[in-house]
Amino acid sequence: MNPEDKIFQTAFEFPIDSSLISLPKELIKGWFKNEAYNTEEFSSIIDNSLQKINRYNNIKCGFKLFPPREVEIHNDSVVIQGIEFDTGNIITKRFRKSDTIAIFVSTAGKEPEKESKELMNKGDIIEGYLLDVIGSELAEEAGNILESKITELLSPFNMHITNRYSPGYCNWKVSEQKKLFSLLPEKFCGVELTESSLLIPIKSISGFIGVGKNANKEDYQCSICDIDYCFKRNKNE
Amino acid sequence: MDKILERIAVCVERGKVNAKSIFPPDLKGEDGADELTFQAISSGISPAEVLNRGLIEGMRRIGEKFRQNKAFVPDVLIASKAMNTAMNHIKPFFLTNEIQSKGKVVIGTVSGDLHDIGKNILGMIIRGGGWEVIDLGVDVSPEKFVASIENDSPNAVCLSALLTTTMLNMEKIISEIKKAYPRLPVLVGGAPVTQEYADSIYADFYSPDPQCALDFLNNSITQK
């Protein structure tokens with residue numbers, strides 16, 4: 001099997017060594033907008049919480065890349081192996097220069113969510129919320145690491161990637177997670193889907209990345225989408 | 001009297017739990033909601049005054065700020081902790097009927113959904129507004145809501161959902177509740193929920209934020 005065929009026929013799964021992850025403190029601080037948190041003491045609470053990441057050993061990411069012949073990219077939908085995804089025109093437009101699609105999953109594992117709940121139940125509200133935030137950011141960071149890994153794997157073939165896009169954003173329905181997971185191996189990266197399309201562990205993300213010789217990344221353009229409760233919009237504004 | 005009640009309200013609003021609390025930094029070393037509530041009751045101020053003009057007032061202020069995007073999730077969480085800590089001094093007076101809650105509200109995140117922070121904040125604001133809250137947790141089935149209504153006789157039920165997929169389960173829950181309790185108000189809320197959707201599933205009230213839900217309860221519900 002030549003290397004390019006192998007890339008198209010393997011579901012790649014990568015455990016992530018948590019000691020290699022460094023979430024910027026400012027990223028976490030950004031969730032605490034009240035200036036009451038602008039103190040050295042709070043800063044050291046963040047440091048302590050960030051150190052807990054070292055104990056998390058179920059942070060993973062992975063992807064499956066489909067051969068271009070199995071993928072059709074239309075104006076507002078994507079078809080993979082005959083399964084049609086209503087990705088909507090905002091997202092689909094971002095794939096217009098792509099030849100194919102990689103389906104990705106990344107997860108922070110169960111630990112941050114579990115520890116966050118334990119702290120909250122103990123009354124350590126701020127520390128608990130901090131770990132909840134860290135869990136969300138870890139899942140995103142695992143997604144960033146995944147993008148680097150895909151880029152690295154594809155570079156010998158002169159293929160590039162787009163940003164990653166997930167069901168739930170830019171009018172792509174969350175319920176389409178079911179179709180998405182139907183194209184991945186069971187419990188891929190340790191992530192499962194509930195009947196209501198909720199990812200378990202909760203601190204996980206999944207979605208599409210466009211791949212192709214002319215594919216490219218773009219800045220997130222929140223102005224073209226009207227979902228005001230979006231995680232990325234709230235972060236970017 | 002007014003001064004200490006105002007200080008209690010400020011401590012709750014700003015999340016100053018007790019003297020040891022490091023938040024907010026400008027009140028470091030000062031007494032918090034815990035100590036001030038104890039002092040107020042010890043000095044003879046009625047527990048009802050302390051509750052209504054101190055603790056509930058503080059939660060009302062933080063709830064209002066949250067509605068206006070001037071306060072954020074951690075601010076409400078810490079304010080609620082201040083309120084709950086101070087409530088330990090008030091609770092005994094509920095048992096002796098010196099003060100009474102405004103009524104009971106059952107809350108829960110709907111079936112299929114495991115998100116609890118939004119629902120918890122709703123519970124904190126409602127509880128902080130003087131209502132007894134029965135929190136059924138997350139992934140709550142229609143049957144569990146109906147069973148709780150049967151057992152607890154609440155004045156209202158609040159349904160929360162974070163996903164467009166789980167929001168759809170609100171319809172069945174409302175339908176089951178209304179079959180058995182047609183006049184019991186059911187409130188709905190959560191990121192993807194809209195007034196239009198609330199109307200389409202026959203919810204009695206759509207609450208875009210927790211303070212709205214509290215306002216509805218305070219203005220529309222007659223105690224049983």
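Throughout, a chain's letter reflects where its sequence line sits, starting with A, and its residues are numbered from 1.
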(message) With a sphere of 6.0 Å drawn around NZ of A/Lys29, does it hold more than 12 non-hydrogen atoms of other residues, nucleotides or ligands?
(response) yes
(request) Determine which residues belonging to residues 83-91 of chain B lie within contact range of chain A, meaning some heavy atom pair is under 4.5 Å apart, and list them by number or answer 'none'. (result) none
(request) Give me the contact list for residues 68-75 of chain B versus chain A, heavy atoms only, anything under 4.5 Å, ordered by residue number. (result) B/Phe72, B/Val73, B/Pro74, B/Asp75
Could you check whether [Y] and [X], counting side-chain N and O atoms only, form a donor-acceptor pair closer than 3.5 Å?
{"X": "A/Ser43", "Y": "A/Lys25", "result": "yes"}
{"X": "B/Asn18", "Y": "B/Ser21", "result": "yes"}
{"X": "A/Glu141", "Y": "A/Asn144", "result": "yes"}
{"X": "A/Glu70", "Y": "A/Gln81", "result": "yes"}
{"X": "A/Thr162", "Y": "A/Lys217", "result": "no"}
{"X": "B/Gln195", "Y": "B/Asp199", "result": "yes"}
{"X": "A/Thr92", "Y": "A/Thr87", "result": "yes"}

(message) Here's a test for you: under ring pair (Phe, Tyr, Trp, His ring centres under 6.0 Å), which of A/Phe63, A/Tyr165, A/Phe104, A/Phe85 qualifies with A/Phe208?
(response) A/Phe85
Tell me, for [X] versus chain B, whether the close heavy atoms (under 4.5 Å) come from the side chain, the backbone, both or neither.
{"X": "A/Ser175", "result": "both"}
{"X": "A/Ile45", "result": "side chain"}
{"X": "A/Asp132", "result": "side chain"}

(request) Determine whether the aromatic ring centres of B/Phe23 and A/Phe42 lie less than 6.0 Å apart. (result) yes
(request) Select one option (side chain, backbone, both, neither) describing which atoms of B/Lys16 are under 4.5 Å from chain A's heavy atoms. (result) neither
(request) Against chain A, label B/Asp26 side chain, backbone, both or neither, depending on which of its atoms sit under 4.5 Å from a heavy atom there. (result) neither
(message) Please identify, among B/Asn120, B/Leu168, B/Leu163, the residue contributing the most non-hydrogen atom pairs under 4.5 Å to chain A.
(response) B/Leu163
(request) Count the heavy-atom pairs under 4.5 Å between each of B/Ile117, B/Val17, B/Asn169 and chain A, then report the option with the highest count. (result) B/Ile117
(request) Would you name the heavy atoms of B/Met167 and B/Tyr197 that are closest together and state the gap between them? (result) O-OH, 2.9 Å
(request) Write down the atom of B/Gly112, the atom of A/Thr194, and the distance for their closest heavy-atom approach. (result) O-OG1, 4.2 Å
